[in-house]
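Below is one structure, written out as structure tokens; the observations come after it.
Order of the sequence lines sets the chain letters (A, B, ...), proteins ahead of strands, with each chain counted from 1. The analysis underlying the following values was restricted to heavy atoms, covering all of them including side chains, and did not include hydrogens, waters or symmetry mates.
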Amino acid sequence: MRERYEPSEIETKWQQRWTDAGAFAVGDAGDAPGREKFYLLEMLPYPSGRIHMGHVRNYAIGDVFARQLRMRGKTVLHPMGWDAFGMPAENAAIERKRHPMEWTYSNIAQMRAQLRQLGYSYDWTREIATCDASYYRHEQAMFLTMLERGLAYRKRAIANWCEQCQTVLANEQVEDGRCWRCGGAVVMKELLQWFIRTTAYAQELLDGHTKLDWPASVLTKQRNWIGRSEGAEVRFGFDRPVANESSFSVFTTRPDTLFGVTFVSIAAEHPLAHALAEGAENEAEVLAFIERIRVEHRTRRDEGDLEKEGIFTGRYAIHPLTGARVPIWIANFVLMDYGTGAVMAVPAHDERDFEFARKYALPLKVVIQPEGVADLDADALTEAFTGSGRLVGSGAHDGLPNDDAKSAITAELVAREAGRGTVSYRLRDWLVSRQRYWGCPIPVIHCAACGVVPVPASQLPVLLPEDVVITGEGGSPLARHASFVNTTCPTCGAAARRETDTFDTFVESSWYFERYTTPHEATRPVEPARARGWLPVDLYIGGEEHAVMHLIYARVWHYLMIDLGYLPADAPREPFARLLCQGMVCQEAFYGTDPANPAHRVWYYPEDIELRDGARFAKDTGWPLHSAGVVKMSKTKRNVVDPDEVVAKYGADAVRLFVLFAAPPPGQVDWSEEGLEGASRFLQRVWRIVRERREALVGARPFAGGPLDGAARDLRRAVHRTIDRVSRDLGERLQPNTAVAAMMELVNALSAFKPERDVDAAVMREGVDALLSLLSPFAPHVADELFEALGGEGSLLARGWPVVDPEALREDAIELPVQINGKIRGRVQVAPDADEATVLAAARAEANVAAHLEGRALKKVLYVPGRILTLVV
RNA sequence: GCGGAUGUGGCGGAAUUGGCAUACGCGCCAGACUAAGGAUCUGGUGGGGUAACUCCCGUGAAGGUUCAAGUCCUUUCGUCCGCACCA
């Protein structure tokens, strides 16, 4: 055995042995009777080229659980794959003249090797690359089933268009008016696009939350995104028909304020907007307004506060209950894609309507009086009254509390056939088509005679052609690829055009976890019964940035797979039972500012910075540098740490241990080389304990039980306490950081322990064996190496998880704190199960306690066995 | 503006059911070993007071419940994140 712990010498050796032994390959969930299945999944990476520290952390968290669960006897599915379609591959093609396919697969090879070097325990026999036709063909088949059932459809819509990516984006993929991937400005364009009907599942997405053990923040983000509002749809009549319509609907969450309506506002995109303007005195002006708002709408609004603007159409609506004529306005703040695109305006009780009414001198009508306030005067209002109160000026409903009036007025609307109670959602259907090359082709054909024709199942997959020229200009290369585009109609045989849009890459990531369950199934996305055995994913680990993108799409796709028969009807309805969102890996970043252009920040790598008199300067330019604080590692801020470098220097085990110890999984890890050294030091201490006491340890006979005393007893208690703590920290608590702390304490105890008798060696051996087993999910290479050095056969993986001996945990005596009036006044040694009288007597005998009790009447005694004795005087 | 999370030593963090605040690590200080130490080992390390002592204070701030509060309740401030004219 080596004097010093040299990670580089042992890590490749063990990686090879695990692979050779097929240690992580798993069959079906039910293969080992009596063993429970556990599906542990981490979000699959995009093969960008090299792994970064965020990957290292995400996968270390997953691996520590996966390895521990296997040792506990579970049948563990722990797969890995590649989210391999997407824009960066096309950019690489343009910038580096490499084919996206070649670039992607070479990145995959590189990253796979990096993941192996970190010792992650994946079942590589199930590896998936989503750009492989054997994967995406099933996606095409599922899409066609959706199309057949009306769950996918094509429509002309105003969509988010990213200029830089030259493609449309789904609502979820626009952040602050910018593209989620490239940060480029997003504009609105009216285009013919493909959608998946996620809104059909809006309510189920909400209801399913009760079944999920997910972080509150993620559930809240989803809830807000789905945006359920209860209210009423109210039909207003037109004073005279508009485009053959005699009425139109508004959506409101405040039917209680219906009698306060003084005008109606509709969106510029409303289908009746043009017809309303027709024949108006100022028709041209209204039409110009409509056109202006339609164009500037979304992008300007996302920039912040947009001033409310509107124009009177010259037309009137008829109030469904009072029959009053109220003016119809077109207003820039009314959204077409929410509710009905039209709102009833109640300026006395709605802030937006109030602002609009004041600007255009429209009347207000108070219909809710707050309790205990004299008459609210509509003219004197300085802001809308949105609180609760009793109805006034509302006909038969006067005097009702406004909460009750909601249902009362809705009931009246129903009785008069002028409306109904309804629910509105903010969630929109998922726009899945993209005008990009490197994606899964949407399997339809456009025929002049037959319209949109699905590609027949026999012709699937529609392969993405490889012989394309990618220039980044002139739209999708597919549209210019004649032999791809030109085809015949499957129905009538006439010449037809193939669809050239591809799917959003979020389509691939919406079902990859289903595919992992039966990755080699040739004719179907999954083999239903075997997939059913593995599902749901018991623990899913990944970043919170996917809270409303991936995690909504994947839930919907899972519902769809069940409802379309790809999964059994009795499959768990929710795909991810438990979710763990890991935090970022951060490091301080430094920048200088160019004197010639002070707005321009230039970021510096740590090695390009020199320290003089406690201040930082750029080595090249000499500029003084400023700290941007501890921020997420990113290439642009040049505060990244390359995993390969630190693995080469400290070993994969130390790197894994550090990222697991530095913070609990949801927290942020501040990168620190000193901290990493601390982790490495810990592993060296473990190494030293084994090396220095190897002889005694190897010669020790197994601990056979029986009474112990003194230090051996204490050590054994420490060992079994550690087993208990680590087991619980890796189990229900999902806190590897505290498990590491517990192991460090055990190592401290083992270092201090001096074996003198045979029984001491036996106890020490039991402790070291337990420590190595507990450590192996964290630092698997060094744990296996030390196990072997002590004469162990094979890997610790096969050895099982240590079991707590309750006898070892038992305390002969504990130190019990004694509190008097809430303050600790002494400690007494008592048996852990001592009764109150014994403990009280012991406390009275303690000098300091006695002094505090002197001359005072004991009023109350509270004894929490094993915890504390509290006396009140 | 709305919603969520969060606030504990110099730093990362621990405290599992209301029961000994600061485990574990980093950093720092002292000592040992040494020709040497940026290696290793040992000890110390919230603040204050004292001759000494389990003497006092202390979990962003203020109040409350309780024998007992980092933990529960009310109010408030700060930070981070998400959404943002959603009718």
Determine: side-chain N/O of Arg223(A) to OP1/OP2 of C83(B), distance under 4.0 Å, yes or no.
no
Starting the side chain at C-beta, find the nucleotide from A15(B), C55(B), G82(B) nearest to Arg825(A).
C55(B)
With a 3.5 angstrom cut-off on both distances, give the Watson-Crick or G-U wobble partner of G27(B), or none if there isn't one.
U45(B)
Report the relative orientation of the aromatic rings in His349(A) and Phe385(A); use parallel for angles under 30°, tilted for 30 to 60°, perpendicular for over 60°.
perpendicular
Under 4.0 Å between any heavy atoms, over every strand shown, what does Gln819(A) touch: base, sugar-phosphate, or nothing? Just pick one.
base
Does U54(B) have a Watson-Crick or wobble partner in any strand here, with both distances under 3.5 angstrom, and which is it?
none
Under 4.0 Å between a side-chain N or O of Arg681(A) and OP1 or OP2 of C24(B)?
no
For G19(B), give its Watson-Crick or G-U wobble partner with both distances under 3.5 Å, or none.
C67(B)
Asp256(A) side chain reached by Val367(A) side chain, heavy atoms, under 4.5 Å
no
Which part of the nucleic acid, if any, lies within reach of Lys859(A) when heavy atoms closer than 4.0 Å are counted: base, sugar-phosphate only, or nothing?
nothing
Need the glycosidic conformation of G43(B): syn if within 90° of 0, anti if not. Which one?
anti
Reckon Glu732(A) touches a base, only the sugar-phosphate, or nothing at all at heavy-atom distances under 4.0 Å?
nothing
Which nucleotide, C81(B), G4(B), C20(B), lies nearest any side-chain atom of Lys221(A)?
C81(B)
Assign Arg228(A) to base, sugar-phosphate, or nothing according to its heavy-atom contacts below 4.0 angstrom with the strands shown.
nothing
Provide, to the nearest angstrom, the distance between the CD1 atom belonging to Ile868(A) and the C1' atom belonging to U17(B).
15 Å
Test item: Pro347(A) and Phe356(A) side chains (from C-beta on) under 4.5 Å apart, heavy atoms:
no
Nearest to the side chain of Phe661(A), heavy atoms from C-beta on, is which of G19(B), A87(B), G12(B)?
G12(B)
Name the nucleic acid region contacted by Ile824(A), choosing base, sugar-phosphate or nothing; use a 4.0 angstrom heavy-atom cut-off, strictly under.
sugar-phosphate
Under 3.5 Å donor-acceptor pair, Arg827(A) side-chain atoms to U54(B) base atoms
no
Between G82(B), C55(B), C67(B), which one does the side chain of His852(A) approach most closely?
C55(B)
Would you say a side-chain N or O of Asn848(A) is under 4.0 Å from OP1 or OP2 of C55(B)?
yes
Arg733(A) vs Gln735(A) side-chain heavy atoms within contact, under 4.5 Å:
yes
Between C41(B), G4(B), A87(B), which nucleotide gets closest to the side-chain atoms of Phe333(A)?
A87(B)
Base, sugar-phosphate or nothing for Gly826(A)? Non-hydrogen atoms, less than 4.0 Å.
base
Which listed nucleotide (C67(B), A87(B), G19(B)) is nearest to the side chain of Asp350(A)?
A87(B)
How would you label the contact of Thr870(A) with the nucleic acid (heavy atoms, under 4.0 Å): base, sugar-phosphate, or nothing?
base
Measure distances between side-chain N and O atoms of Thr220(A) and base N and O atoms of G82(B), and say whether any donor-acceptor pair falls under 3.5 Å.
no
Hey, is NZ on Lys632(A) packed in by over 12 heavy atoms from elsewhere, all under 6.0 Å?
no
Closer than 4.0 Å, any side-chain N/O of Ser229(A) to the OP1 or OP2 of A87(B)?
yes
Partner of A32(B) under the Watson-Crick or G-U wobble criteria, both distances under 3.5 Å, comes out as U40(B)
Does G25(B) have OP1 or OP2 under 4.0 Å away from a side-chain N or O of Asn748(A)?
yes
Looking across every strand, which nucleic acid part, if any, lies under 4.0 Å from Val872(A) by heavy atom: base, sugar-phosphate, or nothing?
sugar-phosphate
Between Gln735(A) and A15(B), does any side-chain N or O lie under 4.0 Å from OP1 or OP2?
yes
What's the closest nucleotide to the side chain of Ala216(A) if the choices are A5(B), C24(B), C41(B)?
A5(B)
Give Arg688(A) one of three labels, base, sugar-phosphate or nothing, depending on what nucleic acid heavy atoms sit under 4.0 Å from its own.
sugar-phosphate
Heavy-atom count check: over 12 atoms from other residues, nucleotides or ligands less than 6.0 Å from Glu607(A) CD?
yes
Leu258(A) vs Leu321(A), side-chain contact (heavy atoms from CB on, under 4.5 Å): CA-CA, chis, key distance, verdict
CA-CA 8 Å; Leu258(A) 182 56; Leu321(A) 300 187; 3.6 Å; yes
Nucleotide forming a Watson-Crick or wobble pair with U6(B), both distances under 3.5 Å:
G78(B)
How is Asn737(A) classified with respect to the nucleic acid when contacts are heavy atoms under 4.0 Å: base, sugar-phosphate, or nothing?
sugar-phosphate
Need one value for Pro664(A): base, sugar-phosphate or nothing, where a base atom within 4.0 Å counts as base even if backbone is also close, heavy atoms only.
sugar-phosphate
Picking from G3(B), A15(B), A23(B), the nucleotide nearest the side-chain atoms of Ala741(A) would be A23(B)
For the residue pair His319(A) and Phe236(A), is the inter-centroid distance of their aromatic rings smaller than 6.0 Å?
yes
Val334(A) has its side chain closest, among A87(B), G19(B), G27(B), to A87(B)
